[in-house]
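Every value quoted in this text rests on a predicted model; they were computed, and no experiment measured them. Quick note on labels: first sequence line is chain A, next is B, and so on, each numbered from 1.
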Amino acid sequence: MPELPEVETVRRGLAPVLEGRILVRVEQRRANLRLPFPNDFATRLRGRQVAEVGRRAKYLLFRLDSGEVLIAHLGMSGSFRIFHRDPPAPGPHDHVVIETDKKVTLHFHDPRRFGLMTLTRADDLETHSMLAGLGPEPLEKGFDEAFLAERLRGRRSPIKTALMDQKIIAGLGNIYASEILFRAGISPRRKADSIRGVRARRLVWAVRDVLGEAIIAGGSSLRDHRAPGGELGYFQHRFAVYGRPGEPCPDCDCDPARTGGIRRMVQSGRSTFYCARRQR
DNA sequence: CCTTCTCCCTGCAAGC
DNA sequence: TGCTTGCAGGGAGAAG
């Protein structure tokens with residue numbers, strides 16, 4: 001379940017291996033993922049040099065010397081694997097195979113095919129429909145309590161749902177939304193509009209802290225996420241609430257047998273985990 | 001405009 | 001054991 005920390009971990013794994021490499025062979029092994037591949041996908045990549053591997057929200061951005069950018073999204077189950085020599089034969093879910101000079105091979109693997117790859121001109125990147133309208137990067141300047149309170153003003157949805165809205169903040173998904181609200185001591189049910197002042201400050205800090213710690217841990221490896229070198233992330237062991245219904249709250253130790261402990265509920269069709277005592 | 005719902009897809013686990 | 005069912009979830013688009 002790649003969210004910002006997982007995608008950033010992937011970017012950090014790919015950048016040193018791919019930057020400066022020339023894509024000598026590109027094999028597109030099916031017509032579509034979540035969306036169709038663009039016309040002449042393999043042809044437009046072949047022979048190009050990778051200038052930079054970047055990230056915006058949950059999108060990976062491979063800037064090419066042709067002036068085009070390869071936009072890749074991992075969806076739910078997408079992953080890249082790097083092989084420094086003798087890559088294995090691609091399996092049924094290895095949808096794109098890219099060979100570079102220096103014998104490096106890249107596989108894009110995505111069993112559920114919620115991911116996507118497309119190409120656009122670098123000049124048009126910011127106005128591309130996938131990137132236009134995204135909220136700010138939560139780990140960069142410009143994301144602060146004043147900005148957050150302004151963005152949440154008038155929002156009637158629960159704060160948990162608002163945190164997952166990519167137009168408000170870019171890069172948060174279901175797992176980190178629960179973890180961040182726990183860290184901030186804010187109820188996931190609270191109306192987004194009521195997040196102001198000290199709560200907005202706590203929430204901004206929680207966003208930065210949780211995401212920062214998760215990136216240092218290499219993201220979370222629940223089912224699918226691995227770094228491109230095959231390394232597992234280990235932030236899942238540090239989840240305070242996600243996937244832990246019925247366990248005692250790690251902060252207040254409220255007893256699950258007496259209505260305390262971590263609870264699960266569904267908001268907008270997604271599981272939310274929280275401690276009712278600690279989060280208000 | 002804002003919010004919620006539905007769908008896309010496969011793999012896994014729980015339950016019968 | 002072997003089947004069915006439900007859940008996992010990012011994002012687009014429809015519906016309310």
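- Salt bridge absent: A:Glu231 and A:Arg226 never bring a charged side-chain N and a carboxylate O closer than 4.0 Å.
- Using a cutoff of 4.0 Å between basic side-chain nitrogens and carboxylate oxygens, A:Glu179 and A:Arg183 are not scored as salt-bridged.
- Side-chain proximity of A:Arg155 to B:dT3, C:dA12, B:dT4: nearest is B:dT3.
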Q.
Between A:Arg63 and A:Glu68, does the salt bridge (Lys or Arg N to Asp or Glu O under 4.0 Å) criterion hold? Intermediate values first, please.
A. CA-CA 6 Å; A:Arg63 293 176 187 276; A:Glu68 288 201 294; over 6 Å; no
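- The pair A:Arg21-A:Asp101 counts as a salt bridge, with a side-chain nitrogen and a carboxylate oxygen less than 4.0 angstrom apart.
- Rounded to the nearest 0.5 Å, atoms CG (A:Leu106) and CG (A:Leu23) are 9.0 Å apart.
- For A:His73 and C:dA12, the NE2 to C1' distance is 12 Å, given to the nearest whole Å.
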Which pairs, protein N/O on one side and nucleotides 13-15 of chain C N/O on the other, fall under 3.5 Å?
none

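- As a whole-Å value, the separation of A:Leu60 CG from C:dG11 P is 12 Å.
- In this structure, A:Ser271 reaches the C:dA8 phosphate: one of its side-chain N or O atoms is under 4.0 Å from OP1 or OP2.
- For A:Asp144, the side chain to side chain donor-acceptor pair (under 3.5 Å) test picks out no residue, with sequence neighbours left out.
- Residues A:Arg155 and A:Asp165 are paired through a salt bridge, judged by an N-O separation under 4.0 Å between the basic side chain and the carboxylate.
- With C:dA12, B:dT4, C:dG11 as the candidates, the nucleotide lying closest to the side chain of A:Arg270 is C:dG11.
- With rounding to whole Å, A:Met130 atom CE is found 7 Å from C:dA12 atom P.
- The distance from atom CE of A:Met164 to atom P of B:dC5 is 13 Å, rounded to the nearest whole Å.
- A straight line from CG of A:Leu33 to P of C:dA12 spans 15 Å, rounded to a whole angstrom.
- In this entry the distance linking CG of A:Leu35 with P of C:dA12 reads 8 Å, nearest Å.
- A salt bridge links A:Glu213 with A:Arg238: the closest approach of a Lys/Arg side-chain nitrogen to an acidic carboxylate oxygen falls below 4.0 angstrom.
- Nearest heavy atoms, A:Ser221 versus A:Gly233: OG-N, 2.7 Å.
- Regarding A:Met76, its CE atom lies at a distance of 14 Å from the P atom of C:dC7, rounded to whole Å.
- Note on A:Gln166: every side-chain N or O is 4.0 Å or more away from OP1 and OP2 of C:dG10.
- Here the P atom of nucleotide C:dG10 and the CG atom of A:Leu131 are 17 Å apart, to the nearest Å.
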Using a cutoff of under 3.5 Å, can you pull out all pairs of nitrogen or oxygen atoms linking the protein to nucleotides 8-10 of chain B, with atom names and distances?
| from | atom 1 | to | atom 2 | distance (Å) |
| --- | --- | --- | --- | --- |
| B:dC9 | O3' | A:Arg113 | NH2 | 3.4 |
| B:dT10 | OP1 | A:Arg113 | NH1 | 3.0 |

